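Notes follow the structure.
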2 protein chains.
Amino acid sequence: MEKKAEKTMQARSGGGQMVLEANLCFAIYGAAHAFTRTYKPLLEPLGLTYPQYLVMLCLWEEDMQTVKALGERLGLDSGTLSPLLKRMEQSGYVRRERSREDERQVKIALTDEGACLEARSANVRAAIGAALGCTMDEAAALRDEVMALKARLMQLEG
Amino acid sequence: MEKKAEKTMQARSGGGQMVLEANLCFAIYGAAHAFTRTYKPLLEPLGLTYPQYLVMLCLWEEDMQTVKALGERLGLDSGTLSPLLKRMEQSGYVRRERSREDERQVKIALTDEGACLEARSANVRAAIGAALGCTMDEAAALRDEVMALKARLMQLEG
DNA sequence: CGCAATTCAATTGCGCACAATCTAGTTACG
DNA sequence: CGTAACTAGATTGTGCGCAATTGAATTGCG
């Protein structure tokens, strides 16, 4: 039952635990949470959560998208988006209207208030840029590496 | 009302949308989800979710840790860990026993079944290693970059 | 045309993640 | 000693994230 005396010593050599921190996944998992914690106080005055802000970025870029289009862009399914969009409708930032050509799809449209929010969100991008603590080129390089990793992971799913 | 004709064209130049994909945060957010989706089918036969697997990694490295110690290591608070550990107790992988020296703390201990799981999880690490699609050195380098980014983000929180 | 297969969105159920609050136990200070 | 400050963990409430199911609309095929 004294199975871990030497194992723990080895694991801790170098000033910290190894097993967990050795994992790239744990690093990304932690960085993702750190990002949302950084965004939270910036988005709170706008009445948005981070996933809701992602939806707004999509809509500011191109208004009137279907739920499916948003889901494909963001990597989210209707189980996530339906209630999220309903909350955004409650907040008054989007409208949800069933498409005339195809009654199955629901188009998400910005309200005037939602469109105005784009200007008010300028400081968010600035603050995040500053929080990154690196140049835009460095951030872009890291982003490309992470995106390539994600592509490799998704390649062997469905 | 035709406010986005040229904007959309510009945004799409280069073969894809820009606003969203330009963000490092969105890349990490997506990669984190891709990781958990990769882990899911590997951990399902073991009866673990990814956060539960992280707890097991902690405990395999050092048994009998307090909830607080696990939380600091994993970056999770008691609001997340309490119900998670209760589910792991239901699964039969850990026991929760109040400390004798300090009745406030609860020590989490592996059951025999939980300890045995370590051997059965060998294929998980192998499969993830293969799914990464890069060498261990490359993965370690990316991990260090992501950890450094996380450290910079956390630096200007509390 | 008529029925099966497909597609889109919504719903249900479960498991994180976290803020806020609560309880119990411990420590510190007068 | 006794009370105030602090700490550990649990609980409550909100919001994702996703699998599975449902229901309505559309498409495709005989």
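The structure displayed is predicted, hence computed values, not measured ones. Each chain gets a letter, A, B and so on, in the order its sequence line appears, and its residues count up from 1.
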Distance test, side-chain N/O of A/K86 to OP1/OP2 of C/dT11, below 4.0 Å = yes

Measure distances between side-chain N and O atoms of B/S78 and base N and O atoms of D/dA10, and say whether any donor-acceptor pair falls under 3.5 Å.
-> yes

Would you indicate, yes or no, if C/dC16 has its OP1 or OP2 atom less than 4.0 angstrom from a side-chain nitrogen or oxygen of B/R87?
-> yes

Measure the distance from CG on A/L85 to P on C/dA10 and round it to the nearest whole Å.
-> 8 Å

Would you tell me if any nitrogen or oxygen in the side chain of A/R96 comes within less than 4.0 Å of OP1 or OP2 on C/dA10?
-> yes

All heavy atoms of A/G47 vs all of A/Y93, minimum pair found to be O-CE1, 3.9 Å

Does B/Q52 place a side-chain N or O at less than 4.0 Å from the phosphate oxygens OP1/OP2 of C/dC16?
-> yes

Could you tell me whether A/G75 contacts a base, only the sugar-phosphate backbone, or nothing, with contacts defined as non-hydrogen atoms closer than 4.0 Å?
-> sugar-phosphate

Scan B/T36 against the nucleic acid and name what it touches under 4.0 Å (heavy atoms): base, sugar-phosphate only, or nothing.
-> nothing

What nucleotide, of C/dC8, D/dA10, D/dC18, holds the atom closest to the side chain of A/T80?
-> D/dC18

Would you tell me if any nitrogen or oxygen in the side chain of B/Y29 comes within less than 4.0 Å of OP1 or OP2 on D/dC16?
-> no

The residue, A/K40 or A/G79, whose nearest nucleotide of DNA chain C is more 5′ is A/G79

When you check the phosphate oxygens OP1 and OP2 of D/dC16, does a side-chain N or O of A/T49 lie under 4.0 Å from one of them?
-> yes

Name the nucleic acid region contacted by A/D77, choosing base, sugar-phosphate or nothing; use a 4.0 angstrom heavy-atom cut-off, strictly under.
-> base

Polar side-chain contact B/R104-C/dT26 base: donor and acceptor under 3.5 Å = no

If you measure from the Lys or Arg side-chain nitrogens to the Asp or Glu carboxylate oxygens, is any gap between A/E138 and A/R143 under 4.0 Å?
-> no

Round to a whole Å and report the spacing from CD of B/E103 to C1' of D/dA10.
-> 16 Å

Go through B/E61 and B/R73 one step at a time and tell me if the salt bridge (charged side-chain N to carboxylate O under 4.0 Å, His left out) criterion holds.
-> CA-CA 12 Å; B/E61 190 171 292; B/R73 184 88 182 278; 3.1 Å; yes

Separation of C/dA9 atom P from A/E97 atom CD, nearest Å, is 13 Å

Hey, is B/E97 close enough to B/K107 for a salt bridge, meaning N to O under 4.0 Å?
-> no

Base, sugar-phosphate alone, or nothing: which one does B/L81 contact when heavy atoms must sit under 4.0 Å apart?
-> nothing

Using only side-chain N and O atoms of A/R98, determine if any of them is under 4.0 Å from OP1 or OP2 of C/dA9.
-> no

Tell me what B/E101 touches on the nucleic acid: a base, only sugar-phosphate, or nothing, going by heavy atoms under 4.0 Å.
-> sugar-phosphate

Taking the six-membered ring for Trp, are the ring centroids of A/Y50 and A/F35 within less than 6.0 Å of each other?
-> no

Nucleotide opposite D/dG30 in a Watson-Crick or G-U pair, distances under 3.5 Å | C/dC1

d(A/L142 CG, B/I28 CD1) to nearest 0.5 Å is 5.5 Å

Nearest to the side chain of A/H33 - C/dC16, D/dA10, C/dC18?
-> C/dC18

